[in-house]
Amino acid sequence: MNCAIDELKNSGIFNDIDVHLADFLTAKADKNDPVLYLLILLLSNRLAQGDVCLDISQIAGRPISDFTEAADLLHEIIIPDRKKILSVLKNSGIAGMESELLPVILDEHERVYFQKYHFFEKQLADSVKSMAQPLPPEAVTPGITEMFVKLFPHNADETDWQGVAAWCAINSCFSVISGGPGTGKTSTVIKILALLAEMMGAGLSIALAAPTGKAAARLRESVTVSLESLPVSEEIKTAIPRETHTIHRLLGSVSGSPEFRHNRENPLRYDVIVVDECSMADLALMYRFFEALKPGSRVILLGDRDQLSSVEGGAVFGDICDRGQLHGYTSEFISRGSGLLGEAFSRDAKVETAAAPLSGAMTILRKSYRFSGESGIGILADMIRSGHSEGAVKLLTHGGKSDISLTGDCSVLSIEDTFRKAASGAFSRKERPGHESVYEFIKGFAILTATRRGPAGAAALNLMAERVLEESGIITPEDEFYEGRPVMVTRNDYTLSLFNGDIGVTCFKDGELRVMFEKPDGEKVYIHPSRMPEHETAFAMTIHKSQGSEFSEVLVVLPPVEKRLMTRELLYTAVTRGKKKVVIASDEGTVAAMVENSMKRMTGLRERLWGVTG
């Protein structure tokens, strides 16, 4: 390697945690080798960026700048070749194979892990595969046929994939439903819960959860709406809870610890657990969730496999769904299901010939009930998802769709002009509106950006929005808290029942400033500014922060930042936050490059579940 340990330490590439960890581990090694030091630094650094491991085949012989935000170096640091990496690891004394309890693990596919994350990944894969085994035919109660057909009536012309999802869920203790916005994931799972309540009888215990408080609140709203029109008895409806939890609250957070009260020794009591917005859940959290399940319980995961993965390590939901691939079902599964699902299922279902343990547990919902066939947002989302960059750009520039547009650049003037027009349409200029008007505005309109910092980052865009609204007499941002300031919570506070992603607005209550949050049931709570958990202004937010939210209109800001951060999944997530209108502040080249740049995280979960790599 072309540099020494001191140069790596002083390069400015790695943070203090990376350096301290590399110092600690290499101090225990048989030899203080710069290559080993680099591997520990890089593994720690990439874990913070979402990778669970280092795939030697992907990193060997490449510049370190391909994987880090490289500082100004005197010369490029090149990662050694495969042979050198393997030699250093095998002779280090701190790295071993999967069966060894050493700080660093090298698996049979030449992936390098910290021991803890290797354990998380392997245990999670084993749990999922075990639960995904099909139940014996006699486990499916014959008496549910009438209810099944009522909830999922036959359609001779096309397969009802929501019905297929239900067939998967009643035939396995583990099932997955993936689909884009408006494909009916929540309404489908409510029908599934009704079927399970009929099958499993009185006393069935059900829990509904999501990774964040905001996602849990939206799940509760959707469940409440779906239950109103569910054509089943009141007894069945009563078995389905309206209450939702964050995964952390469900498991029982322990202050100051990554562990939870519920674990293998103290499992959760629920018979069925539904987890929504699973693309936001990281590897460590999902491992601990599955570890806390009681034997014989059922799990149904909901999400959109094409969205961004979690901010933390892993791409769990995408790996579970084998993102980018479309799997089928066994011949036996199709044959047994045709009686309930109709002959269209036999015709449309792909027969899975490979040994794929999860194929009978997963359903991809394809039909959107939100976007019509003429919807520009829906067509654009499909093109982004399929990697059709030329079509996406052509649709934005010459497609003639009024609900999508491309400004042509990412200049501050362009962004400000779009925001000013949106604000002028929402506020009356005759008098200064109250905080209610601001709150309604931010619930319907959001600026979404790819980055937190820089001229087009969330911080700068929030300042821009405040200035525009101040010039219009809508707000007076003299202090940190002012009437009409929208606030997003960035850290869970279980004492206040405020969660990461919750959005409120500052107002006067009994003559004093308070931050008002509206609960899913319509109740309003008022928090003194001094009691607020970590938070930030919420006129603009990162695309990552917008996950689990929907707005009537979004302004998507895509500045020219580091290419590896600008991915297809980022663009898809941003576009699908908008229900009625999407304006993209960028140029054709950036959009095309993002559609072509699919996110690739280094993990081994996909291979452990599906027997494939990549």
Engineer: In the structure I gave you, are the side-chain heavy atoms of L208 and D276 within less than 4.5 Å of one another anywhere?
Structural biologist: no
Engineer: Taking only residues two or more places apart in sequence or in another chain, which ones pass side-chain contact (heavy atoms from CB on, under 4.5 Å) with V189?
Structural biologist: V274, I300, L302
Engineer: I'd like to know if the side chain of T363 reaches the main chain of Q162, judged simply by a donor and an acceptor atom lying under 3.5 Å from each other, with no hydrogens or angles considered.
Structural biologist: no
Engineer: ring-ring contact (aromatic ring centres under 6.0 Å, His included) with H262: which residues, sequence neighbours excluded?
Structural biologist: none
Engineer: Measuring from atom CG of L204 to atom OH of Y270, what distance do you get when rounded to the nearest 0.5 angstrom?
Structural biologist: 12.0 Å
Engineer: Any idea which heavy atoms bring E569 and N597 closest together, and the distance?
Structural biologist: OE1-O, 4.3 Å
Engineer: At their closest point, which heavy atom of S389 faces which heavy atom of A592, and how far apart are they?
Structural biologist: CB-O, 3.6 Å
Engineer: Mind checking what makes side-chain hydrogen bond (donor to acceptor under 3.5 Å, both in side chains) contact with T145, not counting sequence neighbours?
Structural biologist: none
Engineer: For E550, give me all partners under side-chain contact (heavy atoms from CB on, under 4.5 Å), at least two apart in sequence or on another chain.
Structural biologist: R218, R370, K579
Engineer: Taking side-chain hydrogen bond (donor to acceptor under 3.5 Å, both in side chains) as the definition, give me every residue that meets it alongside S57, ordered by chain and number, with sequence neighbours left out.
Structural biologist: D55
Engineer: Could you tell me whether a side-chain N or O of S205 sits under 3.5 Å from a main-chain N or O of D271, the two making a donor and an acceptor?
Structural biologist: no
Engineer: At their closest point, which heavy atom of A349 faces which heavy atom of I334, and how far apart are they?
Structural biologist: CB-CD1, 3.8 Å
Engineer: Can you tell if the side chain of H388 reaches within under 4.5 Å of the side chain of L395, non-hydrogen atoms only?
Structural biologist: no
Engineer: Where do S172 and A361 come nearest, in terms of heavy atoms and distance?
Structural biologist: OG-CB, 4.5 Å
Engineer: Show me the donor-acceptor pairs within less than 3.5 Å that the side chains of residues 378-385 make with the rest of the protein, sequence neighbours left out.
Structural biologist:
| residue | atom | partner | partner atom | Å |
| --- | --- | --- | --- | --- |
| D382 | OD1 | R385 | NH2 | 2.2 |
| R385 | NH1 | Y572 | OH | 3.3 |

Engineer: For the atom pair OG1 (T246) and CG (L250), what is the distance rounded to the nearest 0.5 Å?
Structural biologist: 8.0 Å
Engineer: With side-chain contact (heavy atoms from CB on, under 4.5 Å) as the criterion, how do L555 and F445 come out once you've worked through the C-alpha distance, each side chain's angles and the decisive distance to 0.1 Å?
Structural biologist: CA-CA 8 Å; L555 168 58; F445 178 91; 4.0 Å; yes
Engineer: Quick one: are Y117 and T603 in side-chain contact, heavy atoms under 4.5 Å?
Structural biologist: no
Engineer: Determine yes or no for a side-chain-to-main-chain donor-acceptor pair under 3.5 angstrom, with R323 supplying the side chain and R305 the backbone.
Structural biologist: yes
Engineer: Mind checking side-chain hydrogen bond (donor to acceptor under 3.5 Å, both in side chains) for E374 and listing every partner two or more places apart, or none if nothing turns up?
Structural biologist: K401
Engineer: Indicate the atoms forming the closest heavy-atom contact of C321 with V176, along with that distance.
Structural biologist: SG-CG1, 3.7 Å
Engineer: Between the side chain of D306 and the main-chain N/O of G180, is any donor-acceptor distance below 3.5 Å?
Structural biologist: no
Engineer: May I ask you to decide if M602's main-chain N or O and Q58's side chain share a donor-acceptor pair within less than 3.5 Å?
Structural biologist: no
Engineer: How long is the gap from NZ on K580 to CZ on F551, to the nearest 0.5 Å?
Structural biologist: 14.5 Å
Engineer: Do the non-hydrogen side-chain atoms of M147 and S233 ever get within less than 4.5 Å of each other?
Structural biologist: no
Engineer: When you look at R111 and V52, which way does the side-chain contact (heavy atoms from CB on, under 4.5 Å) test go after all the steps?
Structural biologist: CA-CA 10 Å; R111 291 182 292 244; V52 172; over 6 Å; no
Engineer: What residues, two or more places apart in sequence or in another chain, satisfy side-chain contact (heavy atoms from CB on, under 4.5 Å) together with S546?
Structural biologist: L448, M541, I543, R577
Engineer: Ignoring hydrogens and geometry, is there a side-chain-to-backbone donor-acceptor pair from H154 to L340 under 3.5 Å?
Structural biologist: yes
Engineer: Distance-only, no hydrogens or angles: does the R298 side chain make a donor-acceptor pair with backbone N or O of V272 under 3.5 Å?
Structural biologist: no
Engineer: Could you list the residues that satisfy side-chain hydrogen bond (donor to acceptor under 3.5 Å, both in side chains) with T183, not counting sequence neighbours?
Structural biologist: none
Engineer: What is the ring orientation for F174 with F290, classed by angle as parallel under 30°, tilted 30 to 60°, or perpendicular over 60°?
Structural biologist: tilted
Engineer: Kindly say whether R269 contributes a backbone atom to a donor-acceptor pair with the side chain of K294 at under 3.5 angstrom?
Structural biologist: yes
Engineer: Are the side chain of N171 and the backbone of W167 linked by a donor-acceptor contact shorter than 3.5 Å?
Structural biologist: yes
Engineer: So, does K129 use its side chain to make a donor-acceptor pair with the main chain of W610 at under 3.5 Å?
Structural biologist: no
Engineer: Checking H544 now: which residues fulfil side-chain contact (heavy atoms from CB on, under 4.5 Å) with it, not counting sequence neighbours?
Structural biologist: L308, V311, T542, Q547, L570
Engineer: With rounding to the nearest 0.5 angstrom, report the CD1 to CD1 distance, I442 to I447.
Structural biologist: 11.5 Å
Engineer: Could you go through S338 and S346, starting from their C-alpha distance and side-chain angles, then the distance that decides it, and tell me whether this counts as side chain to side chain donor-acceptor pair (under 3.5 Å)?
Structural biologist: CA-CA 6 Å; S338 295; S346 298; 2.4 Å; yes
Engineer: Is there any salt bridge (charged side-chain N to carboxylate O under 4.0 Å, His left out) pair reaching into residues 334-351, and which pairs are they, with sequence neighbours excluded?
Structural biologist: none
Engineer: Starting at CD of E221, measure out to CZ of R242 and round the result to the nearest 0.5 Å.
Structural biologist: 15.0 Å
Engineer: Check the pair E352, F333 against side-chain contact (heavy atoms from CB on, under 4.5 Å), reporting the backbone distance first and the verdict last.
Structural biologist: CA-CA 10 Å; E352 185 72 39; F333 182 90; over 6 Å; no
Engineer: How long is the span from the CD1 atom in I56 to the CD1 atom in I59, to the nearest 0.5 Å?
Structural biologist: 6.5 Å
Engineer: Tell me whether the count of non-hydrogen atoms from other residues, nucleotides or ligands lying under 6.0 Å of CD in E98 goes above 12.
Structural biologist: yes
Engineer: Looking at L301 and V299, what are the two nearest heavy atoms and their distance?
Structural biologist: CD2-CG1, 3.5 Å
Engineer: Mind jotting down which residue pairs meet the salt bridge (charged side-chain N to carboxylate O under 4.0 Å, His left out) criterion with at least one end in residues 139-168? Sequence neighbours excluded, please.
Structural biologist: E158-K367
